[in-house]
Engineer: 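Take a look at the following structure, please.
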Amino acid sequence: MRSILVTSALPYANGPIHIGHLVEYLQTDIWVRFQKLRGNRAIYICADDTHGTSITISARAQGCSEEEFIAEMSEAHQRDFAGFDIEFDNYGSTHSQENRAHCTTLWKALRDAGMVVEKEIEQLFDVEAETFLADRFVRGTCPNCNSTNQPGDNCGNCGATYSPAELIDPVSTLSKSRPEIRKAVHLFVQIEQLHDFLEDWTQSGALQTESANYVKNYFLHEPLQDWDISRPGPYFGFEIPDSPGNYWYVWFDAPIGYMASTTQWCQANKESFDDWWRSPDAEIHHFIGKDIQYFHTLFWPAMLKTAGFSLPTKVHIHGFLTFDGEKMSKSKGTFIRASNYLKHLDPAYLRYYYATKLSHKIDDLDLNREEFAARINSDLVGKVVNLASRTAKFVAGTGLSAEYPEDGGLFAEAAAQGDAIAEAYEHCDYSRAMRLIMELADKANPYIEQNAPWELRKDPAKGKQLQDVCSVGLNLFRQLAIYLAPVLPQLAKQSGDLLDAPVVSWDDAKTPLTGTAVNKFKHMMQRVDPKNIEAMIEESREEASTAHRDTDVSPVDSDEALKAEPIAPEITIDDFAKVDLRVARVLAAEDVPDARKLIKLTLGLGGEERRTVFAGIKQAYDDPKQLVGRLVVCVANLAPRKMKFGTSEGMVVASGPGGKEIFLLSPDSGAQPGQRVH
RNA sequence: GGCAGGAUAGCUCAGUGGUAGAGCAGAGGACUCAUAAGCCUUUGGUCGGCGGUUCAAAUCCGCCUCCUGCUACCA
């Protein structure tokens, strides 16, 4: 029997669970349920990730304390998870005494190993909010290219990286006030000291090959940078014991939350923490998304190694969720909260659908609404549940045959497939497992067809035969329910209720039930009604736009764009006058073959005045010729910028998030090249 | 441009040396126990392209094209 500790990434306590999160929690829950069904000792450990400035800001916005805020969020998270039959052995919080204690232990180990250094850095301080500002809470003008309203760490315009203190005219997004530069001592972990160890460990088989390659090529090919691990107070988190006034950065204490939550579980179950985190006999499996590989494949193992804890046996990394082939979108209503889904659809649908899509690969996973309905209706209702539904009622009075009848080898074959299905689950190849299971279902239905219990029923002399055929059908159904139990715990339970035989072990699929009672058949699963999917999406869409409902005439626009990029700090008319916008005609437009986003434009400002501009609009305007002749608006007095493919002498103005969604601005007809835009 | 992952039937994908597969969708049929489920039959593919290794290549090797993700140029 293996001892297996399993975690999912800790959801951040700053927002509700949505169906994208659920990919991970369902993937993990299925794996844990599978391990338990196989008779292994497995525990599923999770917690809310509760620290950091974002939490403080959200709490203030609600007018409550951070503690109240995270308590409420934790409750909401756990309610959502429970609604999807996600069953944790312990659900904790990073804001716990257990976590503080473990943080202290790991911290001491890093100190003792000589890996912690102090550096004085300049950081912006918001005087009104009385807090140092993380990079993303500062916006200002890029010191390199003078683009306004850029984030605090790197310029979205020219790509330059800098510290927030270097920004020109910085503004705090918290108070809208101008922050001042203050010096502060930060603590850094010199993770580079473990470079060789990490090089070995990341290639040791604990990671999927794609991930091992990524980490190697992207981070480990050069010295690892020191990791800034502290934040000066006030900061919602734990104060560093040997560095008063400084707090551990949220990403330091978040993974340690796995340990803290384990400790709580151990205390409740009288187990030893060290049996799980310091024992070669216990496995540790982390399930995470591809966005946080960095922390789990470098920092986290480095911390564990230094402090003498067990290293992760495996880090299972999955991709993101798309909806109908596109990124989830609030305005399209495909950014669906878990609680909203549960109002409209059965959680079993999503559990099964994700299972049919998940493999050990890091590929993104698409939720296609038509395929979703087709899979559930065809596989689960049409094939699996139908087996019970078309046989159970014929033997409700008599029960199952006393001896398992001849079935042409169907039961034995399905029993023999158990190992292959189990192996697929073990390797997180759920799509393969589902395929193997449905192959079995595809063999069971023809058996019923050929033996036509509805005909046997008409002849009283064939009562025994009728009972036999239905005994076969119900046993085949039960096998499927057992194999599907990790994915569909409710179906397994319903199967147990129908046949008076609860599913407790994977090996239950090896032995047929005989001579037991059969209860009255009850519907086990409704077919998916596409109307419910549409209603769910519609509700999500409405939620996204509730803020704009004042008039019944004006169109309802989403606030997505504004939220993604808040309005810049106020400027004077003189500031605006510095920007010389001109109407220009596109005289020539050519593709830049080596660039993925750039088109080379020659703009005419009237007369002989020309500008060569490289514009990053290729994906939206893939045929440059279509641009020739049209009028655009350009920034005519922008400092020229040398680029890989030539010098860009200005820029054309456009809106949109990027990619295919870029929209060039056009003047109304009548405008002439060279005219200034006031 | 760099790195990674892909390209097989209309769709989603199996298939790592031995005559191209499944499910769904499409077409036809028989049945009617079952949630308009299920069963039988059937249409459909120069397995991205070119070359090589081999008795034999979807599969191994090389080159190329295209797609996706990250990253850079950029907005």
Side-chain angles (χ1 to χ4, degrees), chain A residues 145 147 150 155-159 208-219 221 290-291 293-294 319-320 322 325 353 356-357 359 361-366 368 370-375 377-394 424 429 431-432 434-436 438-439 441-442 444-458 466 469-470 473 521-529 565 592-599 613-620 641-646 648 651-659 661-664:
Chain A
C145 72
S147 298
Q150 295 302 322
C155 177
N157 180 41
C158 70
Q208 285 118 301
T209 47
E210 298 109 293
S211 176
N213 289 337
Y214 168 75
V215 172
K216 183 179 176 185
N217 295 323
Y218 203 70
F219 297 111
H221 72 291
K290 64 182 181 183
D291 52 330
Q293 288 180 73
Y294 182 60
F320 296 148
T322 55
Y353 184 80
T356 66
K357 288 285 186 179
S359 74
K361 294 189 182 168
I362 304 181
D363 300 345
D364 287 349
L365 174 164
D366 187 46
N368 176 282
E370 273 111 39
E371 191 191 348
F372 177 84
R375 279 247 94 89
N377 292 345
S378 171
D379 292 357
L380 296 184
V381 181
K383 291 176 185 171
V384 177
V385 171
N386 193 32
L387 277 175
S389 150
R390 66 199 303 207
T391 52
K393 67 174 188 177
F394 298 134
D429 251 329
S431 63
R432 179 174 168 77
M434 296 308 107
R435 206 161 45 244
L436 291 170
M438 286 312 136
E439 276 175 23
D442 280 333
N445 273 303
Y447 171 89
I448 306 295
E449 201 74 25
Q450 282 152 24
N451 291 281
W454 51 95
E455 295 295 334
L456 299 173
R457 170 185 68 155
K458 292 174 186 164
L466 175 64
V469 168
C470 294
F521 179 81
K522 290 183 234 163
H523 265 29
M524 293 180 175
M525 193 178 290
Q526 298 296 320
R527 303 176 67 74
V528 177
D529 185 342
E565 190 171 4
V592 182
D594 286 343
R596 222 178 79 190
K597 298 186 183 172
L598 296 181
I599 288 179
V613 170
F614 289 90
I617 56 173
K618 187 189 280 193
Q619 282 160 316
R641 178 166 172 75
K642 211 168 210 176
M643 294 171 45
K644 194 170 177 179
F645 313 101
S648 187
M651 89 199 226
V652 292
V653 297
S655 70
E661 298 193 26
I662 296 177
F663 310 100
L664 284 173

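Protein chains get the first letters and strands the later ones, always in sequence-line order, with residue 1 at the start of each.
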Engineer: Whole angstrom is fine here: how far is it from NZ in A/Lys290 over to P in B/U71?
Structural biologist: 10 Å

Engineer: How far does the C1' atom of B/C39 sit from the matching atom of B/A30, given to the nearest Å?
Structural biologist: 9 Å

Engineer: Indicate yes or no: does A/Arg375 engage A/Glu370 in a salt bridge with an N to O separation below 4.0 Å.
Structural biologist: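 Here A/Arg375 does not pair with A/Glu370 in a salt bridge, since their nearest N and O are not under 4.0 Å apart.
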
Engineer: Return the set of residues passing side chain to side chain contact (heavy atoms under 4.5 Å, CB included) with A/Asn451 (not counting sequence neighbours), or none when no residue passes.
Structural biologist: A/Tyr447, A/Val469

Engineer: Could you give the distance separating B/G49 and B/C67 at their C1' atoms, to the nearest angstrom?
Structural biologist: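 Per the computed distance, 15 Å lies between those C1' atoms.
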
Engineer: Quantified in whole Å, what is the C1' atom distance between nucleotide B/G18 and nucleotide B/A56?
Structural biologist: 7 Å

Engineer: I'd like the P distance from B/G17 over to B/C74, given in whole Å.
Structural biologist: 48 Å

Engineer: Compare the minimum distances between each of B/C13, B/A75, B/C40 and the side chain of A/Pro446, then state the nucleotide with the smallest one.
Structural biologist: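 Nucleotide nearest to A/Pro446's side chain: B/C40.
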
Engineer: With the criterion being N/O to N/O and under 3.5 Å, what pairs connect the protein with nucleotides 26-29 of chain B, and how long is each?
Structural biologist:
none

Engineer: Using the C1' atom on both, measure B/G23 against B/G44 and round to a whole Å.
Structural biologist: 15 Å

Engineer: Treat a base pair as Watson-Crick or G-U wobble with both distances under 3.5 Å, then lay out RNA chain B in dot-bracket form, 5' to 3', with | for cross-strand pairs.
Structural biologist: (((((((..((((....[..)))).((((.........)))).....(((((..]....))))))))))))....

Engineer: Are any of the side-chain nitrogens in A/Glu439 or A/Lys383 under 4.0 Å away from the carboxylate oxygens of its partner?
Structural biologist: no

Engineer: What's the CG-C1' distance between A/Asn217 and B/G1, to the nearest Å?
Structural biologist: 15 Å

Engineer: Quick one: closest heavy-atom pair of A/Trp454 and A/Ile448, and the distance?
Structural biologist: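 The pair with the smallest heavy-atom distance is CH2-O, 3.9 Å.
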
Engineer: Atom CE in A/Met525, atom CG in A/Asn377: separation rounded to 0.5 Å?
Structural biologist: 10.0 Å

Engineer: Rounded to whole angstrom units, what separation is found between the CD atom of A/Glu210 and the P atom of B/A4?
Structural biologist: 11 Å

Engineer: When you measure from the side chain of A/Asn445, which nucleotide among B/C39, B/C13, B/U71 comes out closest?
Structural biologist: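 My answer, after comparing the listed nucleotides, is B/C39.
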
Engineer: Please report, rounded to the nearest Å, how far the P atom of B/C13 is from the CG atom of A/Leu436.
Structural biologist: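 Taking atom P of B/C13 as the reference, CG of A/Leu436 is at 17 Å.
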
Engineer: Measure NZ/A/Lys361 against P/B/U68 and give the value in whole Å, please.
Structural biologist: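 Checked: the NZ to P distance equals 18 Å.
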
Engineer: Is it true that atom CZ of A/Arg390 has more than 12 heavy atoms of other residues, nucleotides or ligands lying nearer than 6.0 Å?
Structural biologist: yes

Engineer: For B/A9 versus B/G48, give the span between their P atoms, rounded off to a whole number of Å.
Structural biologist: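 The same atom, P, in both gives a distance of 8 Å.
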
Engineer: Rounded to the nearest 0.5 Å, what's the gap from CG on A/Asp429 to CE on A/Met434? Could you check?
Structural biologist: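 Rounded to the nearest 0.5 Å, the CG-CE separation comes out at 10.5 Å.
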
Engineer: Look up atom CZ in A/Phe394 and atom CZ in A/Phe521, then write down how far apart they are to the nearest 0.5 Å.
Structural biologist: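 One finds 12.0 Å between CZ of A/Phe394 and CZ of A/Phe521.
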
Engineer: Closest nucleotide of RNA chain B for A/Tyr218 versus for A/Asp379: which of these residues is on the 5' side?
Structural biologist: A/Asp379

Engineer: Whole angstroms only, please: what is the CG-C1' distance between A/Asn368 and B/C13?
Structural biologist: 14 Å

Engineer: B/U19 and B/U46: how far apart are their C1' atoms, nearest whole angstrom?
Structural biologist: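 Nearest-Å result for B/U19 against B/U46 at atom C1': 16 Å.
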
Engineer: C1' atom, B/A27 versus B/G2: distance in rounded Å?
Structural biologist: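 Nearest-Å result for B/A27 against B/G2 at atom C1': 50 Å.
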
Engineer: May I have the distance from A/Phe614 (atom CZ) to B/C74 (atom C1'), rounded to whole angstrom?
Structural biologist: 11 Å

Engineer: Reckon A/Asp363 touches a base, only the sugar-phosphate, or nothing at all at heavy-atom distances under 4.0 Å?
Structural biologist: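 Sugar-phosphate, no base atom in range.
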
Engineer: With sequence neighbours left out, write down each residue that passes side chain to side chain contact (heavy atoms under 4.5 Å, CB included) with A/Ala444, or none if nothing qualifies.
Structural biologist: A/Leu387, A/Leu476

Engineer: Heavy atoms under 4.0 Å is the rule here; annotate nucleotides 31-37 of chain B 5' to 3' with B where the base is hit, S where only the sugar-phosphate is, and - elsewhere.
Structural biologist: -SBBB-S

Engineer: Could you check whether any side-chain N or O of A/Ser648 sits under 3.5 Å from a backbone N or O of A/Phe614, counting only pairs where one atom can act as donor and the other as acceptor?
Structural biologist: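 Flag set: sc A/Ser648 to bb A/Phe614 pair under 3.5 Å.
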
Engineer: Among the nucleotides B/C13, B/C70, B/A4, which one has an atom lying closest to any side-chain atom of A/Arg435?
Structural biologist: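 Nearest nucleotide to the side chain: B/C13.
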
Engineer: Whole angstroms only, please: what is the CG-P distance between A/Asp364 and B/G5?
Structural biologist: 15 Å

Engineer: To the nearest 0.5 Å, what is the distance between CD on A/Glu210 and NZ on A/Lys361?
Structural biologist: 7.0 Å

Engineer: Please enumerate all residues that pass side chain to side chain contact (heavy atoms under 4.5 Å, CB included) together with A/Lys290, with sequence neighbours excluded.
Structural biologist: A/Gln293, A/Ile317, A/Phe320, A/Ile362, A/Asp364

Engineer: With rounding to the nearest 0.5 angstrom, report the CD to CG distance, A/Gln450 to A/Asn445.
Structural biologist: 11.0 Å

Engineer: Can you tell me which nucleotide in B/A4, B/C24, B/C39 comes closest to the side chain of A/Ala374?
Structural biologist: B/C24

